[in-house]
J.: 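My questions all concern the structure below.
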There are 2 protein chains.
Amino acid sequence: MTQTPSASKPAAKPKATARGRAYRGVSIEKRRAERREKLLRAGTTIFGSVGFHGTSVRAICAEAGLTERYFYESFSNSDALLSEIYELTTSQLRQLVSRAIAYRSGEPDAMAEAALTAYFEFLLDNPHSARVIMVEIMGVNPQMDAQYRRVMDDFANFLVAVFRGLHPERRHHDTRDYLLATGLIGAMVNMAMRWMLNGYREPVADVVQAARFILISVNNQLSQ
Amino acid sequence: MTQTPSASKPAAKPKATARGRAYRGVSIEKRRAERREKLLRAGTTIFGSVGFHGTSVRAICAEAGLTERYFYESFSNSDALLSEIYELTTSQLRQLVSRAIAYRSGEPDAMAEAALTAYFEFLLDNPHSARVIMVEIMGVNPQMDAQYRRVMDDFANFLVAVFRGLHPERRHHDTRDYLLATGLIGAMVNMAMRWMLNGYREPVADVVQAARFILISVNNQLSQ
DNA sequence: GTAAAGTGACATCATTCATTGTCACTTTGG
DNA sequence: CCAAAGTGACAATGAATGATGTCACTTTAC
């Protein structure tokens, strides 16, 4: 794509004069990174409001204040943009939740409270991102399905790890634990989705409390 | 759409000769119904394999063995077809689950077992339908979002009703109960989705057991 | 038998959109 | 200063597809 074949001369050392010079005092790398950033932001905004389907590359570029050329500089098509947005957003979310938990390690109730608060508050504060990761990602193409599956797995495995930390004495039962974690993640996601689709009516605390109730219930049952 | 303005004569009694005659011994109503049925089946097959997006009306008609004309006879566009498929499938599923439960009323564990078995077996037996109701429906348009919300509400309310039947003495707490039920439905759906995306690897019984564990956990916690 | 209704295959039209290309203008580096 | 690189606005191209229309053929009702 960004090859510089140097047709006539057999590729001597490319002078500093060549491609990749600075512009308006900004290096090529920085300019590219800024444009990419703008596109990611614009993509989140549009995918999270208009929706992925029915959003054209033109529209994303207009929102980003860039022209199509720069879209294709960073992404090969809108699927790639969506995929990248999904990856970044979910990893941000994972980090938020991890950190929230890290501060309360050992106290199941406090951990759940902190993790869930971090989760639901993120969605409330970033409604466009929320919509992208919960709705727009679905059914785009098989690669995206796989990506979704992988992210869900990550969250489920994370939860399994936390539960095992709380019940170190308990014998591991991989399939069962994994299925349970998947279910619990689904519970959180579905509560979040309904909360979102209803316009975030209930206070965060209420949603957190109900979600916590489910986590605690299962944790208690596991302790029997 | 199917108006017969009868341009010249001011709409006298339409003779039996008029529109709507039988063809190959089949009445107009029956022919229409059969075509509609074919389209619903074809739509499920294609939406559930290729996906809703990226499926054209032409493709649906080819699968149904009909021409476009007959598509528009029954549906105004593919969104309408998807909506109808979703409605029919979820109501079938609701009925299956209701019946499964009805036979075991009063026994929480048996009820959960029966309901969940009915649910997961339906998905296993109808993978195309499964994909349509769990994946393809998402993010199509705002009306479909509302429909999804409504169906999820129905299932959640159903679950609330069951729980209240099991705990008649308990004071109702609408928002809380509703949130809990939404979470639990989400747990079942997410387990189903992962099960599906992984190609229905685990035996139904394992999935049912894990799902039941979550339901029972919450039920027990509620009993405290 | 025959005119109208029904059917099937396919054409047509208009639109949308991804992707690439053009051109005038600005900035850079020497 | 000036040639090359960078930029922005926008045109051009081609493909897909929703929706409607055409036409030859079959079936029906009388």
J.: Quick one, which residues of residues 43-56 of chain A touch DNA chain D with a heavy atom under 4.0 Å?
T.: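 Contacting residues: none.
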
J.: Is any side-chain N of the basic residue among B/D153 and B/R94 closer than 4.0 Å to the acidic one's carboxylate O?
T.: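 No, no charged N to carboxylate O under 4.0 Å.
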
J.: Base, sugar-phosphate alone, or nothing: which one does B/R31 contact when heavy atoms must sit under 4.0 Å apart?
T.: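 Sugar-phosphate contact only.
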
J.: Check ring pair (Phe, Tyr, Trp, His ring centres under 6.0 Å) between B/Y200 and all other residues, then give those that pass, not counting sequence neighbours.
T.: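 Per chain and number, B/Y200 pairs via ring pair (Phe, Tyr, Trp, His ring centres under 6.0 Å) with B/W195.
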
J.: Counting the atoms with a prime plus P, OP1 and OP2 as sugar-phosphate, which does B/R24 contact under 4.0 Å by heavy atoms, base, sugar-phosphate, or nothing?
T.: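 Since only primed, P, OP1 and OP2 atoms lie under 4.0 Å of B/R24, the category is sugar-phosphate.
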
J.: Between D/dT20, C/dG29, C/dA18, which nucleotide gets closest to the side-chain atoms of A/R21?
T.: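 That would be C/dG29.
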
J.: Using a strict threshold of under 4.0 Å (side-chain N to carboxylate O), is an ion pair present between B/D206 and A/R176?
T.: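 B/D206 and A/R176: not salt-bridged.
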
J.: Closest-nucleotide mapping onto DNA chain D: is B/V26 or A/Y70 further toward the 5' terminus? I mean the 5' end.
T.: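 Between the two, 5'-proximity favours A/Y70.
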
J.: When you measure from the side chain of B/Y23, which nucleotide among D/dG8, D/dT27, D/dA19 comes out closest?
T.: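 So the nucleotide nearest the side chain must be D/dT27.
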
J.: Answer yes if the side chains of A/Y178 and A/N157 hold a donor-acceptor pair under 3.5 Å, and no otherwise.
T.: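 The answer is no; no qualifying pair exists.
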
J.: From C/dG29, C/dG6, D/dG18, pick the nucleotide closest to the side chain of A/A22?
T.: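 Selected nucleotide: C/dG29.
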
J.: Which pairs, with at least one residue in residues 123-142 of chain A and sequence neighbours excluded, count as a salt bridge (Lys or Arg N to Asp or Glu O under 4.0 Å)?
T.: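 Sorted pair list: A/R131-A/E136, A/R131-B/D145.
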
J.: Within the modelled atom types, does a donor on one side and an acceptor on the other bring the side chain of B/R69 and the base of C/dG8 under 3.5 Å apart?
T.: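 Answer yes: a donor N or O sits under 3.5 Å from an acceptor.
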
J.: Restricting to pairs with a member in residues 40-61 of chain B, which pass salt bridge (Lys or Arg N to Asp or Glu O under 4.0 Å), not counting sequence neighbours?
T.: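 For residues 40-61 of chain B: B/E37-B/R41.
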
J.: Anything under 3.5 Å between a donor and an acceptor, one on a side chain of residues 112-122 of chain B, the other on a protein residue two or more places apart or in another chain? List them.
T.:
unit_1: B/E113; atom_1: OE1; unit_2: B/R212; atom_2: NE; d: 3.1
unit_1: B/T117; atom_1: OG1; unit_2: B/E113; atom_2: O; d: 2.7

J.: Output the distance between atom CZ (B/F75) and atom CD (B/E84), rounded to the nearest 0.5 Å.
T.: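 Reported to 0.5 Å precision, the distance equals 5.5 Å.
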
J.: Polar atom pairs between nucleotides 11-14 of chain D and protein, under 3.5 Å, N or O only, would you list them?
T.:
unit_1: D/dA12; atom_1: N6; unit_2: A/R58; atom_2: NH2; d: 3.3

J.: Counting only side-chain heavy atoms from C-beta out, which of D/dG18, C/dT7, C/dT27 sits nearest to B/V57?
T.: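 When the side chain of B/V57 is considered, D/dG18 is the closest of D/dG18, C/dT7, C/dT27.
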
